[in-house]
Amino acid sequence: MDKQVFDLIAAEEARQREGLELIPSENYVSRPVLTALGSVFTNKYSEGYPGKRYYGGQVNTDKLEQLTIDRAKKLFGADHANVQPHSGAQANMAVYNAWCEPGDTILGMDLGHGGHLTHGSPVTQAAQVYNFVRYKTLPSGEIDYAEVEKLATEHQPKILLVGYSAYSQIPDFERLAAIGQKVGALLMADMAHVAGLIAGGAHPNPLQFGFQVMTTTTHKTLRGPRGGLILSMGTVSNPWKKPEKTIENIPTLIDRSVFPGTQGGPLMNTIAAKAVSFYEAARPEFAEYAQQVVKNAAILAAEFDKKGYKLVAGGTENHLILIDMMASRGIDGGVAQEVLDEVGLTTNKNAIPDDSLPPATPSGLRLGSPAVTSRGMKEPEMVKIADLIDQAITNRENPAKLAEIHVKVRDLTAKFPLPSDL
Ligand code: DSN
């Protein structure tokens, strides 16, 4: 009936099918995840938690949410899971609110060095409520652990936060945990980018290194619906009774902070889709997928390196690559993103550490392998993709050549269906 929206959905589906999705925080969900997301659970209000709700009619929602919680706990080896956060940003806010008082200090990674907006960027509301102190990376591209230790000792943060949206290395969780423990901070990891790699055994799990809280989005490498998740270690008790603020009580403090602290009714259809994605992520095929994501990113990085591109940190240990486009080809990341968009290659401009250019036209271009790997692409396709990107950048002022490259992108994607087509 609604042709306008129908046409837009069809056009977006075609864009996703015919293009190469290289934004490292995006992915393609399966048909079962889409089906759950579009299910009648969207009609239900379920404030509270399984067995402790405000409204009637919860016979199915209670079972569904408990199933989702149990699957998440098992997948990540956590004592508790809160599956209600509407997004990663809300998950992070709920943890800050659970553990900190206004004005308390949180030590997190600087946005300009790969950190995330919600880790204390001055433009966020969180930065008005809490006192964020930020650590940076070294010129080598690695976290400056000595600086983390120095800042932690000096500022005695309530939370030591590790997490990022543009960091291509594997953090030394053991070292970070030791620093946090020394100053008595809650150890929090925002693993939104790599949660799928952790679930698939292709990346270390911070919960195994003494971290008490792990937040994530569910839609990146984890390949679920758009949403958030908080995993924690400790004792789970009745969320209706305010517990003492101790690290042991973190799961209950988090539950109270999500609802009623920072959110209203949960999105039960999204929770259904999260449950399906956790089921999929526990399967052996997903472990293969996670390994392939890492292999594919390494091949992409090696190909760019061969072509003389300068990569932040010199390469990648996860799914993500940050190219210093200005140093490599004398154009900013925004120009590169636009040229690549023209030929169906979707990437995003991104700041590099200590960028001399502004955020709207930064030096970097960020890309990654999760979505193309979901389409079944492997090493040979990564070599082709790096080549297509390089050709487009080199021929950015040659429309005829760009049109030829666009045809090559369509030819490649035609051979690899979307997971939702299978
Ligand atoms: N927007 C996400 C990303 O692209 O990394 C982080 O929230």
Side-chain angles (χ1 to χ4, degrees), residues 16 19-29 85-96 106 108-127 132 134 137 141 143 161-171 188-198 203 214-230 262 270 274 293-294 297 300 311-313 316-323 325 333-334 336-337 340-341 345-353 355 359-360 362-374:
Q16 292 187 15
L20 280 167
E21 182 51 71
L22 293 159
I23 294 175
S25 51
E26 295 189 13
N27 215 329
Y28 300 107
V29 298
H86 302 327
S87 67
Q90 297 239 226
N92 287 343
M93 272 310 279
V95 177
Y96 305 153
I106 300 172
M109 192 159 168
D110 193 286
L111 175 64
H113 281 242
H116 189 250
L117 196 67
T118 59
H119 300 175
S121 164
V123 297
T124 60
Q125 192 202 12
F132 281 91
R134 287 174 287 275
T137 52
I143 291 172
L161 172 55
V162 58
Y164 34 80
S165 54
Y167 184 64
S168 59
Q169 305 301 293
I170 296 178
M188 172 180 175
D190 175 349
M191 292 290 102
H193 263 266
V194 293
L197 305 184
I198 294 172
H203 189 285
M214 183 161 103
T215 57
T216 180
T217 49
T218 45
H219 50 270
K220 297 187 175 89
T221 45
L222 195 49
R223 228 162 55 176
R226 198 153 285 277
L229 169 70
I230 308 174
T262 52
T270 303
K274 286 175 187 174
V293 166
V294 174
L300 272 175
L311 308 186
V312 173
T316 184
E317 291 178 347
N318 54 28
H319 63 301
L320 180 153
I321 293 157
L322 187 56
I323 303 177
M325 224 10 120
Q337 177 190 306
L340 297 174
D341 256 342
L345 295 164
T346 312
T347 57
N348 74 275
K349 62 186 176 204
N350 209 100
I352 58 164
D355 208 329
S363 301
L365 185 78
R366 191 184 68 150
L367 57 117
S369 57
V372 289
T373 308
S374 290

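All values below were derived from every heavy atom in this structure, side-chain atoms included, with hydrogens, water molecules and symmetry-related copies excluded. Whatever order the structure lists ligands and atoms in, that order sets their numbers, starting from 1. Here, residue 1 is the first one in the sequence, and each next residue gets the next number.
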Parallel, tilted or perpendicular: ring planes of H193 versus H319, cut at 30 and 60 degrees: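 Geometry flag for H319 against H193: tilted rings.
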
Contact residues of ligand 1 (heavy atom under 4.0 Å), by chain and number: S25, H116, S165, H193, K220, R366

Residues D190 and H119: side-chain donor-acceptor under 3.5 angstrom: yes

For the student: nearest non-hydrogen atoms of S165 and R366, plus distance: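 That would be O-NH1, 2.6 Å.
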
Nearest non-hydrogen partners of T137 and H113, listed with the distance: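 Minimum heavy-atom separation between T137 and H113: OG1-ND1, 2.8 Å.
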
Note, L22 side chain near L345 side chain (heavy atom, < 4.5 Å): yes

Side-chain heavy-atom pair N348, P24 within 4.5 angstrom cut-off: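 Yes. Closest side-chain heavy atoms under 4.5 Å.
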
